[in-house]
Colleague: 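Next up is a structure, given as structure tokens.
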Amino acid sequence: MLKTSHLLLLFCLVGAGSALYKQWIPDTNYENKTNWDKDAVPCGSDTVQFPAQRKVSVFVETTHAVREMRLPLDGEFILNSGAGFFVVSGEEPGCGAGVTTKFKDSEGLQWFNPALWQAAATLDDLQHGNVLFSVHEESVPCEYDDVVFKARSSFRVDTSSSQSSIPVKSVSVLGKMFETGSEFSQYLSTRSGRLQFHGSSAVTVGKPACGDPSGCDCGNSVNHKRICGTVTCDSLTCKTPLSPVGHCCKVCGAIVTIKFSADFNLQTYRQRIHHLFLMLPKYKSIQLGMSKVAKPQRLMGIVPFGTTPEIQVVILDGEKGTQAENLAWDIVKDARSHGSNLGITEAEFQASSGGSSDQSGSNAGVIVGAVIGVLILISLVGTLVVLVRKGFVQMPSIDIGDLGRTLDHGYDNPMFDRPNMMPDIPALYGNETNSSISMSQTGVHFVNPVYDDNETDFNA
Ligand SMILES: *[C@@H]1O[C@H](CO)[C@@H](O)[C@H](O)[C@H]1NC(C)=O
């Protein structure tokens, strides 16, 4: 544990990239009432039933009374220290005559379902529920993310995909963090590993962290179809719904687009926006997702020609909020006044109300504007020439050089300003987990002896 937290601290200090922790939400814990068909943990007079054909790894935190228990063909209990079952005969007080309670099926829960993950910047944030909003593609773990399955928890996840593997930086299971490929593939071949991960693709650990301070592309666009297949989009009422890159649905709200220089640091900027704006009461219900995306470029808005990296800030209003556009303005204003210190060269936004920042909304707009400007200029010059030729106008002596200089407005290039980034604020890492359990303490296999008498590791 000590080693892990030192490592984390180190990563944090060097500000290595913008990796997030992505935590799988569902569990297959005995104590979670959502896992039972009666939406309650079975009580002492109940008959507990695990569907015979379902493979499952169940984490048990404490001691439970049951009347009878029917076990699956293949499965395990992971018993916390002190946990166990005892059989009661007769009625338990406050429990009634007892019913048959079935453990729900967790077979269909897919890795690529964005609703089943939550993201946070640090483990501490994960534990305290300070979760981040992301576009759908990035709700699912990105290549350089740390994947967390809750400590004191078991689970079952379907990792099927069209790719042969699902690369990630690390995976934590039951409080143990796997950071090397060999270690994790070894875990996957254990009984617990096989019960927890199933499906056509293998999760592989050991992808390097994102080494680019301005962020890395998530890498999930290859799985876009599969990810969006699990998403149902809301019907929208806004005037011009927006399509964020990496999202499955159109949204109402605002999108801030940021172009950056070599000095930009995504993690620092995320913290800045959080401290400056998201803490404010008026922005309480805002959902904000910030990431580096590859924005498709189109000439004149039609002809595609490659992609450019940019920072996309998606801002959505929560319940009945109307602040998304105001926040977009605040962010653009902040970027324009402090851009040179932040490594931001350009910032603009589009809102679903039809509003946008005053700079032309898109490259297409800039090009169209420039073309029209040139046409007007040419016709003016043409008219002038005609008038001069016909003698209507006396030609003043014009210094072409002067004219050139006055037309050349030029742009301030903030890249030339000295960078003075906000210092990296080392986030507060709690101990990676306060779990007192580990595989060795709790890996108690409960193999149903009725079905499988080859297995003899029945050491509960
Ligand atoms: C129980 O499971 C649900 C759904 O999978 C999850 O949202 C919830 O956090 C779990 N409860 C606890 C206490 O972990």
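Every number for a ligand or one of its atoms is a count from 1 in the order of the listing.
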Colleague: In this structure, is the centre-to-centre distance between the rings of Y269 and F260 below 6.0 Å?
Modeller: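 So the answer is no for these two rings.
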Colleague: Less than 3.5 Å apart, N/O on ligand 1 and N/O on the protein: could you list those pairs with the distances?
Modeller:
| residue | atom | partner | partner atom | Å |
| --- | --- | --- | --- | --- |
| ligand 1 | 2 (O) | N32 | OD1 | 3.4 |
| ligand 1 | 2 (O) | N32 | ND2 | 2.3 |
| ligand 1 | 2 (O) | T34 | OG1 | 3.1 |
| ligand 1 | 11 (N) | N32 | ND2 | 3.0 |

Colleague: Taking only residues two or more places apart in sequence or in another chain, which ones pass salt bridge (charged side-chain N to carboxylate O under 4.0 Å, His left out) with E31?
Modeller: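 Testing E31 for salt bridge (charged side-chain N to carboxylate O under 4.0 Å, His left out), a comparison that skips the adjacent residues, returns none.
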Colleague: Roughly how far, to the nearest 0.5 Å, is the CD atom of E346 from the OG atom of S261?
Modeller: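 Reported to 0.5 Å precision, the distance equals 12.0 Å.
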Colleague: Could you check E137 against H224 for side-chain hydrogen bond (donor to acceptor under 3.5 Å, both in side chains), going step by step and ending with a plain yes or no?
Modeller: CA-CA 7 Å; E137 270 181 26; H224 185 84; 2.5 Å; yes
Colleague: May I ask you to check whether W36 and Y30 place their ring centers less than 6.0 Å from one another?
Modeller: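 Yes, close enough.
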Colleague: Hey, can you tell me if F103 and F50 have their rings parallel, tilted or perpendicular (30° and 60° cut-offs)?
Modeller: tilted
